[in-house]
Structure formats: C-alpha cells, structure tokens
2 protein chains.
Amino acid sequence: MQAKSTHHIAVAVNSVDEALATYQQLFGAVLEHRETVPEQGVDAATVMLGGNRIELLGATGPDTPVGKFLAKRGQGIHHIAFEVDDLRASLAELEAKGAQLIDTEPRRGLHGLEVAFIHPETSYGVLYELVTNAA
Amino acid sequence: MQAKSTHHIAVAVNSVDEALATYQQLFGAVLEHRETVPEQGVDAATVMLGGNRIELLGATGPDTPVGKFLAKRGQGIHHIAFEVDDLRASLAELEAKGAQLIDTEPRRGLHGLEVAFIHPETSYGVLYELVTNAA
C-alpha cells in the first residue's frame, strides 16, 4: 500500500463548535470546512494545524456511529486517514497480505471522497481510513 | 501558539518489533530510527508513513508511563506532537489563555528534543506534545 499523504486526523468531540473555538484560540488552527451530514449522523469541521488537517467530528445524535464512540470511549482521536491513488488496489493488496478490513469495497465518505476503513485489530488499536478522490 | 509542523504521531503498542514489521509489510512504512531509552522506560521506533512520522511506542516494563497506558487503555494512539520554534513562549501563551499543562517547563524527550505535554482535558481527550530542538 502506498500512502501518498495523510488526509486527516479525526478527533471525536462532544461539541464541534466548542472544540473549534478552542483549536482556533489556543492552537491557532485555521478553519477549512464546516459540514453537517445528517444521513451519516455527523457534524464535522476541518482545521489545518501543523501541516495536517484535523477533523473535529461530532455526532448529530447518540444513536450514530460517532455518538456510540463518544458514549463508549469518550472524546479523543477517532481515526487517521491516508490518501491513496487506487483505493481498490490498496484494499486488495491489504487483504492478500492478511489485513482485516472493515470495508472490502470503497464507500462514499465526507466531501465526496471514496473511503474504506482498516480494522484496528490489524493496526494495533488504531483505526485507519484510506481515502481517494472519487472518479 | 504556532505549530510549524507535525513532529510525530505516537502509537502505543505491546511489541515494537511486531508492530514495526506490520507497518513495513502492510503499509509500506519506512523505518527511520530505532531506540530504547531505559531511563524513560521506552522502546521506540519511528517510521515515515503518508508524509508523517509515526512513533511506535513500547514499554520496557509494566511500571513505566507507557506500560501503565497500555494496561489501562490498550494499544492505540498515545499522543500527537507538534513542532514549535519557541517552546517556552508557546507554554506561556497557552497558560495565559487558560490551557491546562502537564509540563509548565520544557523537559528532555527522545532524540535530544525539548518537550512538554498539554493536558488532554484542554484538548478534548487528545494528548498533545510540543517539541523543539534543544539549543
């Protein structure tokens, strides 16, 4: 697998507005994009900080994937996303090498990207996402 | 605070050798540095992946900071480190703005860096480290 860049680091937070204000005021983070995607149960803001994109990830309700993560694990880093050129080829290679995948097929993520997640069992407790620009 | 770059993303693992082999084989990560620092209770390897440095962080024993983290939280992301030009000025600015700091003074970290940690209470569950090259 060839990760050409880090696309973003996602941090699950209880309130995106509050976290965004803190990241701007304390860390000098610069807001890039603010988006709520009700059908994914996600409220998100991306900021640039130290050359990386940090995605502040909130839930639109408790019965959403991020809402369940927050209830179980609390606030903190949710996943790290790498950008790859060919998502299908990367998934096939990872599967052939014995990686456990959450998504064996690309699916639609935020910002019109195609995404797939690698199971944290494979990556020592870290949830990695692979993303590519949808054709 | 001005984070000029992301210095590394640290992942706590039970076995650095095993995690390193997986990161190399599955993700094509490139080994940069391998170091054991007994006085800090740390066994570490840094790899480059997707333009970021990932620090695989193991413990030399259960009674070390990383050993206690692994026992309590399990494997996963431990902290994210940003590089700043002036660590003392950054800490003073953060403190003046009400941030909770673990280290109010720089201390010596791995690789001869000066480091300080921000309390995760301030940063929504994420442990951030600030690093600078020691003069």
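Numbers restart at 1 for each chain; the letters A, B, ... are given by sequence-line order, proteins then strands. Computed from heavy atoms alone, side chains included, the values below leave out hydrogens, waters and symmetry copies.
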Take atom CD in B:Gln100; do more than 12 heavy atoms of anything else shown fall under 6.0 Å from it?
-> yes
Neighbour count above 12 (heavy atom, 6.0 Å) for B:Glu32 CD = yes
Quick one: do A:Val42 and A:Leu113 end up in the same hydrophobic cluster if we chain Ile, Leu, Val, Met, Phe, Trp and Tyr together by side-chain heavy atoms under 4.5 Å apart?
-> no
Based on non-hydrogen pairs under 4.5 Å, which of A:Glu18, A:Glu83, A:Glu93 is most in contact with chain B?
-> A:Glu18
At a heavy-atom separation under 4.5 Å, does B:Thr122 approach chain A through its side chain, its backbone, both, or neither?
-> both
So does A:Glu35 have more than 12 non-hydrogen atoms from other groups sitting under 6.0 Å from CD?
-> yes
Residues B:Phe27, A:Tyr128; criterion ring pair (Phe, Tyr, Trp, His ring centres under 6.0 Å); working and verdict | CA-CA 11 Å; B:Phe27 302 147; A:Tyr128 283 117; 5.5 Å; yes
Determine the minimum heavy-atom distance between A:Gln75 and B:Tyr124, stating which atoms define it.
-> CB-O, 3.2 Å
Name the region of B:Leu130, side chain, backbone, both or neither, that has any atom closer than 4.5 Å to a heavy atom of chain A.
-> neither
Between A:Val11 and A:Val131, is there a shared hydrophobic cluster once you connect ILVMFWY residues whose side-chain heavy atoms come closer than 4.5 Å?
-> no
Within one Ile-Leu-Val-Met-Phe-Trp-Tyr cluster: A:Ile102 and A:Phe69, side-chain cutoff 4.5 Å | no
Relative to chain A, which of B:Asn14, B:Val13, B:Asn52 shows the most heavy atom pairs under 4.5 Å?
-> B:Asn52
Are A:Val66 and A:Val16 linked, directly or through other ILVMFWY residues, by side chains that come within less than 4.5 angstrom of each other?
-> no
Using non-hydrogen atoms only, which part of B:Ile9 is less than 4.5 Å away from chain A: side chain, backbone, both, or neither?
-> side chain
To the nearest 0.5 Å, tell me how far B:Ile77 CD1 sits from A:His79 NE2.
-> 9.5 Å
Check each atom of A:Ile54 against the heavy atoms of chain B and say whether the ones under 4.5 Å are side chain, backbone, both or neither.
-> side chain
Under 4.5 Å between side-chain heavy atoms, hopping through other hydrophobics if needed: is there a path connecting B:Ile80 to A:Met48?
-> no
Per-residue contact mode, B:Ala12 against chain A (heavy atom under 4.5 angstrom) = backbone
Would you mind checking which part of B:Leu56 comes under 4.5 Å of any heavy atom in chain A, side chain (CB onward), backbone (N, CA, C, O), both or neither?
-> neither
Compare every heavy atom of A:Met1 with every heavy atom of B:Leu26, then report the nearest pair and how far apart it is.
-> O-CB, 3.4 Å
Is a donor on one side and an acceptor on the other found under 3.5 Å between the side chain of A:Ser5 and the backbone of B:Gly50?
-> no
Does CZ belonging to B:Arg34 count more than 12 external heavy atoms closer than 6.0 Å?
-> yes
Which pair of non-hydrogen atoms, one from B:Leu49 and one from A:Ala3, has the smallest distance, and what is that distance?
-> CD1-CB, 4.0 Å
Specify the closest pair of heavy atoms between B:Lys97 and A:Gln25, including all atoms of both residues, with the distance to one decimal.
-> NZ-O, 2.9 Å
When the 4.5 angstrom heavy-atom criterion is applied to B:Ser90 and chain A, the contacting part is neither
